[in-house]
Every structure is written in structure tokens, then in C-alpha cells.
Amino acid sequence: MFEIGWGELLIIGVVALIAIGPKELPTVFRTLGQWTNKLRRMASEFQSQFQEAMREAEMADLKKQVDDMTSQAQSYASFDPVAEVRRELDSTQQQIESAMADTPAASTSPPVAAEPSAAPATAPSTAAPSSGSSEPPAAADVAKPDGKPA
């Protein structure tokens, strides 16, 4: 961190020996060692508190994941495939019934040829034209829905 080499430490030691004196030097080193020890303890305490906070944050994330997995497992435990298929079938049946109800009323009424009076009116329309064209029959040849010719 400070990058102090051996040569620099030797110079600091010589200056401390001259400035402090040989009699007081051991007590200064002892006091310096105690301060260093206190700083190290404070740093390790801070580091352990920081790591504990990180573990708590990780535990909160893990707890959230476990809760999510538990709720998902409970939803799987209550899964009933037969009921799911029945719901789908009911939905499809309702869609079919609504589609059947939406069809025009003319297609659900009985055909016009089923009436006895309609037989002579439909006879000319069934004859194919001799020219071989695929043109629709004339309006006079087509019968009305009530079975009478137009």
C-alpha cells in the first residue's frame, strides 16, 4: 500500500534512534505495535461486518428464490390435468355453439325442392343450356324462397 522498501525502513530507524534515543525506543515501538494492532482489529471487524451484510443480502435473495419455488411447487401440486382438459373442451364447445348460432337462417331452413309446389318451378332451371356455357340461369327460372316462381 505504501511501498516502503528496506532501505527506507533503515533510514527511518536511524532517524528514530537519533531523535528518540535508545532509552525510549522500546516503549515507542510497543506503542506503535499496539496502535497497529488496534487498526488491524478495526479493519477486520469492518471486513467481517461487511461480509455478514453480504451474506444477509444473499440469504434474502435465496429466501426469495425458495419462496418462489415453493409457490410454484404448490401450483404444480394442485394441477389437475383432467379438469384442465374439461375446461378446454367446454371452451371449444362454446365456441362451436356460438359459431353455429352466427350462421344465416337461410342455410338452416329446409331446402326449397322439398315443397311439392316447387317441383314444376325448378324443372326449367335444372335443364342445362345447349351452348355448354356455365352461365347462371336467368332470373325468371329461379324460384323464390317460398317455392313460387319469380
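Computed from heavy atoms alone, side chains included, the values below leave out hydrogens, waters and symmetry copies. Position 1 is the first residue of the sequence, and the numbers go up from there.
Residues satisfying the side-chain contact (heavy atoms from CB on, under 4.5 Å) test with Ile18, not counting sequence neighbours, are Val14. For Gln51, the side-chain contact (heavy atoms from CB on, under 4.5 Å) criterion is met by Gln47, Arg55, not counting sequence neighbours. Residues satisfying the side chain to side chain donor-acceptor pair (under 3.5 Å) test with Arg87, not counting sequence neighbours, are Glu84. For Ser71, there are no side-chain contact (heavy atoms from CB on, under 4.5 Å) partners, not counting sequence neighbours. Lys64 is linked by a side chain to side chain donor-acceptor pair (under 3.5 Å) to nothing, counting only residues two or more places apart in sequence or in another chain. Every side-chain contact (heavy atoms from CB on, under 4.5 Å) that Leu9 has, sequence neighbours left out, goes to Ile4, Trp6. With sequence neighbours left out, Asp67 forms a salt bridge (Lys or Arg N to Asp or Glu O under 4.0 Å) with Lys63. Residues satisfying the side chain to side chain donor-acceptor pair (under 3.5 Å) criterion with Asp90, sequence neighbours excluded, are absent altogether. In this structure Glu88 satisfies the side chain to side chain donor-acceptor pair (under 3.5 Å) test with no other residue, sequence neighbours excluded.
Formation of a donor-acceptor pair under 3.5 Å by the Gln49 side chain with backbone atoms of Phe46 is not found in this model.
The hydrophobic clustering, which links ILVMFWY residues whose side-chain heavy atoms are closer than 4.5 Å, places Val28 and Leu17 together.
Atoms CD and CD, from Glu97 and Gln95 in turn, are 11.0 Å apart once rounded to the nearest 0.5 Å. The distance from atom OG of Ser91 to atom CZ of Arg86, rounded to the nearest 0.5 Å, is 15.5 Å.
For the pair Glu3 and Glu8, the tightest heavy-atom approach, listed with the atom from each and the gap, is O-OE1, 3.6 Å.
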Atom pairs and distances, side-chain donor-acceptor, residues 29-42, under 3.5 Å, sequence neighbours left out:
from: Thr31; atom 1: OG1; to: Thr27; atom 2: O; distance (Å): 2.8
from: Thr36; atom 1: OG1; to: Leu32; atom 2: O; distance (Å): 2.8

